[in-house]
Structures are given as structure tokens and as C-alpha cells.
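Below is one structure; the comments refer to it alone.
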Amino acid sequence: MMKQAKFLSLTAACVLSLTSVMGGLQVSAAQQSAPVSSDVKIMALGDSITDGYWTGGGYRKYLYHELEEMGYSNIDMVGPKGSNSESFQYQGQTVAYDGNYAGYSGYAIQYITGTETRQGILETINSNYGNGNMIETYDPDVVLLQIGTNDILSNYNDGITDRLENLVDTILADMDGENDMLYVSTIPNINIAERYDWLWAYGMYYPNDPAAFTAKVQGCIDSYNASIQTLVAKKQAEGAKISFADIHSVIDETTDMHDGVHPNETGYEKMGNYWANLLNSTYLNGNTDPKPVTTTTTQQTTASTTTTTKATTKATSAATTQATTAKPTETTTSATTAATTTTKATTKTTAASDGSDIVLTDVKIGETYDLTPYQNAGISSVSFVFKNVPQYGMNGCASFGNWNLSKNYTTNDLAGNTLTVDLDKFYNSMILYKWYGDTDLDSVILHCGSSAVTTATTKATTTTTTTKPTTTTTKATTTTTTTKPTTTTTKATTTTTTTKPTTTTTKATTTTTTTKPTTTTTKATTTTTKATTTTTKATTSSESSKTAVLTDVSFGKSYSLKKYDYKSITKIQVTFGDNVGYGFNGALVLGNWAEQKSYHSNDMKSDNTITFDVKNPQDCLTLYRYWGEVDLKSVTLYFD
């Protein structure tokens, strides 16, 4: 891969000074004229946002053009898709760019099935591309990775950070050049109010409770983005050639989105300019040392409060245990780019030596509790005991670690007023969220299997405001300005804690945990196969060169168009059955997701048809129905 001599500089003889704020780190770089020996190969890797869904080239065309405007030459975009010579209209001119890339619409971090079946970037890059896997074959010097939006859309939040780390490790394993660099980016927000129909996997209906629905989905996005920054910092500490990028900071989901999920042209341009400025300031100037993920901390002090946290030991025999009273402790809070502000209350308790349960009282929904003091207690499961079960039900999510394990729950998952979650390993923290329902926590029971005597410290952490930096890109210059928050509102930062430990003695049969099976409502899984000719009846109108009608077609099947003049297709009209019920939606997909057209029952005309304009004809098509009971009658192809 790229050696030191491969670094590019400005082709002009001038020196360009650039000052930019990237991810909390201010960088000042001077670009000077120097000999250019070979290309810098850049691979844009990701999902439909990298693919440039709905518009050709996406952010990639703006990235390439902006680098050329900065004076860089010999930028070589690489990947299995696109071509070396593509163009687009920009400011009244035709602009050429290198269009090779590796973006795949609809793909998740890795193959996953359940609520929906999604192909994975992990499996895609591990395929054979002639000279090994994708990274080995195309040998990029720089990889720009943005992935995870489809995981969020399908509510595949359990283990999402672990899957990302596995993908990152796979990419880094083959980026072994001295100056190779992997950039891992956050994902943009989703305009939930506009695109809630794509978020059906969360088991909620947005119009019933918009605030709860939004809080749930946004919480998943924020947690994932925070985990990306943490992961990059971890890999940097291990010596990996990896850097953090924050696309989330430059896209406004209310103004920069085409459909609530994918950027509009303005959004794609912002992304391209962001990537160009980041590469200019951190890589193309010859400096390949990863920029550390840094945080700017502003400490604040507010009025003190008194928090009482009780911790008791629930024994499985008649034996009692002793608890000690902790000294009051003072803690302060800080606002960092990781955006977590905490108020800690500390108590001490001693777990019994016979594998007793540990009971935490004075606990609250939405607070994070530190479990590291109980690491040797052998926690096998955790029970959340509610004070009551709301008349009209409730739901929420129990999260362990940094969302390494999360379990959604509804009233149906309770045994009485208790929710129990089995743990597959030890997690250092836990938090219980409630999306809707009028109830509070009574206690949390840690079911232990260890016989060791441990001294435990229970820390209740209240997460407050998450404030994310925003980046404003000015096209006239190459300066990117990041405005960072300087204040964070918390309930209390200096906390005086009074502990009131109690000891509860119960018989071993006192605690009975019955977990009802989780009920998950899923849509029919759609499976996309390679375009083999599926038997259909095709009738051609009298103007045989103008239309062809496919009958005996079904949702979820791929139909080959190779026997038609598919490159001349300009429109596709889909005819649905008469029974539309409460509505429906889905997508028309051409090729291997080369072009995707979403549809909704509101798009259907009085003759039960929906017509799609085709700009990028492919040799096969698949029609998906995501929800609804409508039937498919026929598909009509219109040719030039």
C-alpha cells in the first residue's frame, strides 16, 4: 500500500494555510508543492448514503470535486462499483469525477435477520474480488466507513457496537501499509416524524405517542454514535491506524434530508465538503498519525442535593448480613464531547457468602448503575421490580454495558410486576428505560451465583444532556468551524450522599422469577435472490417496442429483464389489487439495489397503479411489500 512518497500536495506552487476544527481537535496545516509519485486510493464504504441513494454519486462526487478545487491531483477513488469517469451538473457546469466506490443500499453492518433480513457489509468485503477480499483487491490507502443506519431502522440495536468493532477489525487486518488510514464516521439523525413508517420494528405507532417514539429511536442513534467515538479511541490506544469522523454534526435532519433518512443534494454536498476538509487537514498533507479522539471538559458546580440510596442483601437462607454506612462523598459533573454528565451516589454493602441476591432500593428509571463492584458476585440475571403495572400497559428497554446487551420489553414480558433479564456475561453497568406507561421502579435484584464474599459499591449515575458539536462548512473557503457546547444542565454536581443500608432476610423460596416469552411482531421477511428468470406470463402490446406486461408476479421475488431491451426502460408501472385495507408500503428495487423506489398506498392512482420513473435501468427487478395486505396484479415496462 501507499508509501511516504505517495502523499500528494497542492499542484500549485503556493502554500495554503488551513485552520479547521475537527472532532474537538484544532488542526493547522500548510500544504506545499512537492513531487507527486503516485495516486492516493480512497474507498468510500457503507450503505445507501454512500451509494448515493436517489441521486447519482451522492456525497462522493462533491468529495472528489472539492479535493480537486483544493489543488489535489491523482486522487483515485476505488471499489467494485461505479466507473473511473462520471460527471454531474454543478453550478451550471459539467463536472467530471472518479465514481468508483463500495456503497450498498439496504445493507447493515453484517448479515442479520429477525424483524427484517439485511445483507451485511462484513460479508460483502470478505467476498472474493479476484485478488482476495475487497480490501486486498482494491488496496485502498484510505477507507471512509459510514455504516449502521439500517441497523437502527430495523431495531437491530442489540450488540451493534460489537458488530461494528468486528467489521473495523476485519478492515484493519488488511490495511497494513505504513500510511493507511481507516476513518469511521457517525451516522446522521433520522427525521422520525417524516419517516416513522420505516421504523415499524420498534413496535410502537408514532401518532399514538410521538414523544416516546422519538425518544426511543433518537436514544439508539445517540448511543450508537457515542460508541463509535469510544471505539475509535480504544483502537487508537491499541496503535491502530484509525480516525474519527462526525458526519452527524453536519447534517440537519429537518433541512438536509430527501426522505427523512437519505440526504438531499444540499446534504450530500455538506458531507462531501466535510470529508474533503477532514482529509485535507489530517491526511493529504503528509501527516498520517491518527488524530486522537479528544474531549474538551467544562466543569460546573450547582447547588448540592441529598440523595439516599439503599442497598440490601436478599439472602437465600435465614442468615442475615451486615451493611456499613458510607461516608458522604462529593462528586462533580463535567460536559465532554462524549456528552455524558453524571451525578454519583455511593453506598457500600456486603454480599452474603452463600450466593445471595443483592437488592438495590431507591432506584430510578433512566439512571445508570455501576455494576463493577459486583463483578465477582456471579450475576446471572437481573430483575426490575416495578411499583405497579399501568392499566394500559407499558414498554421500554433494559440496557447493559454500552448497549452491548439490550432487551426491549412490554407488559407481556412481566411476571407479576417484575421484569427479569438473563445475562450471558458480566456487564459493568445497567440502565432501565421506560418509553411509555405510568410506573416507577421499586427495586432491582441482582441474582448472584458466587460464593465469594464481596464488598460492593453501588453507583447510581444520572445521565443528563447530550450535546453534540455542529459543523458549518463554508463553500467559499476550506475552513470548517465546529461550535462546541460550553454548558450542560444537571440536577446536581456536588452530591452529599446519605446511605441507609438495610438487611432483608428471606428464605430461598422468597424470590420466584418467571419470565414470559418475549412476543415480537415482525413483518414477513423478504429474501432477495439473484436475478434468475422466474416464470411469468409476459404479454406485449401491439407496439411491441413500447411496453411489456409481466403477469403472475409476486412480492419478494426477483425477475430477470435480460430478455427485454432493459436498458431502454424509462418507466415501470405496478398494478395492485382492489383490497388495500388500511394501506401498505414497500419498495421497487432494480438490480442489486442499484436503484430503489419507495412507495406508499397514498401514491396509488384511482386505477390502482403506481408509476415509477427509471433513471438507472437494470437487468432485474424486485418488488417488496413491507406492510399491508394488498395483492400484486402486474408490472408494466415502458421503453424508449
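Residue indices begin at 1 and follow the sequence shown.
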request  = Tell me yes or no: between the side chains of Asn155 and Asn157, is some donor less than 3.5 Å from an acceptor?
outcome  = yes
request  = List for me each residue that meets side-chain contact (heavy atoms from CB on, under 4.5 Å) alongside Ala276, sequence neighbours excluded, and say none if there are none.
outcome  = Leu63, Glu66, Leu67, Met70
inquiry  = We want to know whether Gln89 and Thr94 form a side-chain donor-acceptor pair, criterion being a heavy-atom distance below 3.5 angstrom.
reply    = yes
task = Step through it carefully: locate the ring centre of Tyr59, locate the ring centre of Tyr268, and say whether they are under 6.0 Å apart.
result = no
query = Who pairs with Asp162 by side-chain contact (heavy atoms from CB on, under 4.5 Å), at least two apart in sequence or on another chain?
reply = Asn404
request  = For Asp151 and Arg163, run salt bridge (Lys or Arg N to Asp or Glu O under 4.0 Å): C-alpha distance rounded to whole Å, both residues' side-chain angles, the deciding distance at 0.1 Å, then the answer.
outcome  = CA-CA 10 Å; Asp151 297 72; Arg163 296 196 299 276; 2.9 Å; yes
ask   = Have Thr161 and Ser227 got a donor and an acceptor in their side chains that come within less than 3.5 Å?
value = yes
query = Residues in ring pair (Phe, Tyr, Trp, His ring centres under 6.0 Å) with Tyr202, at least two apart?
reply = none
request  = Mind checking the CD1-CG spacing from Ile152 to Asn189? Nearest 0.5 Å is all I need.
outcome  = 10.5 Å
query = Between Thr547 and Thr636, do the side chains contain an N or O donor and an N or O acceptor separated by less than 3.5 Å?
reply = no
Donor on one side chain, acceptor on other, Glu269 and Thr266, under 3.5 Å = no
query = Out of curiosity, Asn608 CG to Ser601 OG, how far, rounded to the nearest 0.5 Å?
reply = 11.0 Å
note = Test salt bridge (Lys or Arg N to Asp or Glu O under 4.0 Å), reference Lys41, set Asp139, Asp98, Asp180, Asp141, output is Asp139
Spacing of CZ belonging to Arg60 relative to CD1 belonging to Ile49, to within rounding of 0.5 Å = 12.5 Å
key: Atom pair CD1 (Ile112) and CG (Asn150), whose distance is rounded to the nearest 0.5 Å   = 11.5 Å
ask   = Hey, are Asn280 and Tyr72 close enough side-chain-wise for a donor-acceptor pair under 3.5 Å?
value = yes
task = Mind checking the CD1-OG1 spacing from Ile125 to Thr137? Nearest 0.5 Å is all I need.
result = 11.5 Å
ask   = Stepwise, does the side chain to side chain contact (heavy atoms under 4.5 Å, CB included) test hold for Leu182 with Leu145?
value = CA-CA 7 Å; Leu182 168 63; Leu145 175 65; 4.1 Å; yes
query = Does Tyr53 have any ring pair (Phe, Tyr, Trp, His ring centres under 6.0 Å) partners at least two apart in sequence or in another chain, and if so, which?
reply = His262
query = Where is the tightest heavy-atom contact between Lys81 and Gly103, given as atom of each residue plus distance?
reply = NZ-O, 2.8 Å
message = Within the 3.5 Å criterion, strictly below it, is a donor on Asp256 or Asn264 matched to an acceptor on the partner's side chain?
response = no
ask   = Does one side chain, of Asp565 or Ser568, offer a donor that lies under 3.5 Å from an acceptor on the other?
value = yes
inquiry  = Can you tell whether the side chains of Lys567 and Asp619 come within less than 4.0 Å, N to carboxylate O?
reply    = no
task = Apply salt bridge (charged side-chain N to carboxylate O under 4.0 Å, His left out) to Glu265 and list each qualifying residue two or more places apart in sequence or on a separate chain.
result = Lys61
task = Assess whether atom CG of Asn579 is packed by more than 12 heavy atoms of other residues, nucleotides or ligands within 6.0 Å.
result = no
query = What's the spacing between Met604 CE and Ile610 CD1 if we round to 0.5 Å?
reply = 7.0 Å
ask   = For Tyr62, which of Trp275, Tyr97, Phe88 qualifies under ring pair (Phe, Tyr, Trp, His ring centres under 6.0 Å)?
value = Phe88
key: Gln93 CD: over 12 foreign heavy atoms closer than 6.0 Å   = no
message = Would you say the ring centers of Phe213 and Tyr205 fall short of 6.0 Å from each other?
response = no
inquiry  = Tell me if the centroids of the rings in Phe555 and Phe584 come within less than 6.0 Å of each other.
reply    = no
key: Test: Asp252 and Lys270 ion pair at under 4.0 Å   = no
ask   = Of all residues at least two apart in sequence or in a different chain, which pass the salt bridge (charged side-chain N to carboxylate O under 4.0 Å, His left out) check with Asp631?
value = none
message = To check you understand the geometry: which heavy-atom pair defines the closest contact between Leu632 and Ser554, and what is its length?
response = CD2-C, 3.8 Å
